[in-house]
There are 2 protein chains.
Amino acid sequence: MRGLGEGLVQKPLTVAEQVANVLRESIADGSLAAGTPLRQDDLAERFGFSRMPVRDALRQLEAEGIVSIHPTKGAHVARMDTTEIREIFAVRELLESEALRLSVPNLTREKLDEAGHVLNQIDAEPNVGRWGTLNRVFHLALYSACGNARLLGLIEAHHNAADRYVRVLLSNLNYRSQSQEEHRDLLTTCRHRDAAAAVRVLRKHLGDGMATLAQAGPARKP
Amino acid sequence: MRGLGEGLVQKPLTVAEQVANVLRESIADGSLAAGTPLRQDDLAERFGFSRMPVRDALRQLEAEGIVSIHPTKGAHVARMDTTEIREIFAVRELLESEALRLSVPNLTREKLDEAGHVLNQIDAEPNVGRWGTLNRVFHLALYSACGNARLLGLIEAHHNAADRYVRVLLSNLNYRSQSQEEHRDLLTTCRHRDAAAAVRVLRKHLGDGMATLAQAGPARKP
DNA sequence: ATGTGGATTCTCGTATACGAGTGTACAGAA
DNA sequence: TTCTGTACACTCGTATACGAGAATCCACAT
């Protein structure tokens, strides 16, 4: 789980972390599809570093559930079948509902405005690749006042794990407008400090996304 | 997060994993106290391997939240202050309540008997070091039928993270007998298929433990 | 034609080596 | 005596090197 207890102390950025960041984004935006083998040599050569930092990066990504590693057989972008996606969304619903419930009473006007601003950015953003990130920023802004850093860390990790599939959703225009409607509902209920209603909207939001994904059946185990 | 998606395929046991296992246990049983620096050279020499597998092991343990690593400054057993412990227990309560709720209707008699057997083992076990493990086995047995492997993985990880502190609790004789009473209540309600009551007992169980820990104030940030 | 055996190749895990950054201790000056 | 600056020692991050195991492919036999 990335960034759980690591407070605010800024650490030197190691090569391994840079590699991990690039790989994470490449996997999230789909340029590295599920199942793609990740050869240490290839990656090392492509990035211009040795295999060691690449190894570290892969281990880190494995911990995040984004790649899976088999000793002596190598690493590949984690495949997720529909049951695994269902599991992730079930966990997300659990974690995010709780975070939202705790956060709503403590949300500052600044955070709410920030979330609203992100929504406008999503509407204005033509680049499909950025919607996923903005989507995550919006959600995390609403949870940010929950007072439990560990909970936030888990939520972020699960966002990362599901990001690939959510972006498939978001690239669908119909779903995107529906998602934005739900986002605005969510923000409104938060503004009214109605935590119960907000949680209801969130549950529907996540449930709809999951249902659409499960129906499309985008990923099956080979 | 250890053992999330790694199904049942048995992988070759790498040196790094062995080192990680030994370190995890040493940290859990208290022989490596919070804050203890973990020098790669020392560990490599002690285990008789080179630094590389040790590095891998440390990264893995960092992902589990058991050690923290600062680039260029090294690794040390993660310190947890009371707020962090509170956070962990809040997350545990959330995760385990849900898992229990989902699991209770599907628990087989075999699993229930297995859990009961573990309780008797705890009573009979004179070795303090093993209570922590047995405690975890008991809890996971009750959640095992929840149908969400990812949720179980998260629960196990958080057990590991909190293990050090829970063992401090369990070494207290009074608390141990109280804990066992609650365990038996929990098992009884599960046998009656009363999920709501089981969750109530579990919440009290975890809440009591947390309160005792927070009151004792065993760990403070320096 | 198909199945089996072996050798080659590929990839990973681990060991060793080197350079850089950080902390510390000692010496010299105020 | 105390503070500061410099040099040394320590530890980590990264690179390179080597050995082992797995997968693949081709040849040969059935």
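In this structure, the CE atom of B:M52 is 18 Å from the P atom of D:dG19, given to the nearest Å. B:R39 places its CZ atom 12 Å from the P atom of D:dC10, with the value rounded to the nearest Å. At whole-Å resolution of the value, CZ in A:F47 and C1' in D:dG13 are 18 Å apart. One can place CD1 of A:I69 at 16 Å from P of C:dT11, the figure rounded to the nearest angstrom. Here D:dG21 presents its P atom at 15 Å from CG of B:L13, a figure rounded to the nearest Å. Rounding to whole angstrom units, CD of residue B:E45 and P of C:dA15 are separated by 13 Å. When the P atom of C:dC10 is taken as reference, atom NE2 of A:H70 falls 21 Å away, rounded to whole Å. Atom-to-atom, CG of B:D56 to C1' of C:dT14 comes out at 10 Å; the value is rounded to the nearest Å.
The nucleotide whose nearest atom lies closest to any side-chain atom of B:A16 is, among C:dT14, C:dC12, D:dT16, C:dT14. Looking at the side chain of A:R51, the nearest of the listed nucleotides D:dG13, D:dA17, D:dA15 is D:dA17. Of the candidate nucleotides C:dG13, C:dA15, C:dC18, C:dA15 has the atom lying nearest to any side-chain atom of B:F49.
Contact between the side-chain N/O atoms of B:Q40 and the OP1/OP2 oxygens of D:dC10 is not found at any separation under 4.0 Å. An OP1 or OP2 oxygen of C:dG21 is reached within less than 4.0 angstrom by no side-chain nitrogen or oxygen of B:T72.
To the nearest 0.5 Å, the span separating CG on A:D29 from CZ on A:R24 amounts to 13.0 Å.
Residues A:R150 and B:A161 approach most closely at NH2-CB, 3.7 Å, considering heavy atoms.
Salt bridge absent: A:E17 and A:R59 never bring a charged side-chain N and a carboxylate O closer than 4.0 Å.
Within 4.0 Å (heavy atoms only), A:R55 reaches at least one base atom of the nucleic acid. Using a 4.0 Å heavy-atom cutoff across all strands shown, A:L58 reaches no nucleic acid atom at all.
Residues B:L102 and B:Y143 form no side-chain contact, since every pair of their non-hydrogen atoms from C-beta on lies 4.5 Å or further apart.
Classified by interplanar angle (parallel below 30°, tilted 30° to 60°, perpendicular above 60°), the ring pair B:H183/B:H139 is perpendicular.
Between B:D42 and A:K73, the residue whose closest nucleotide on DNA chain D is further toward the 5' end is B:D42.
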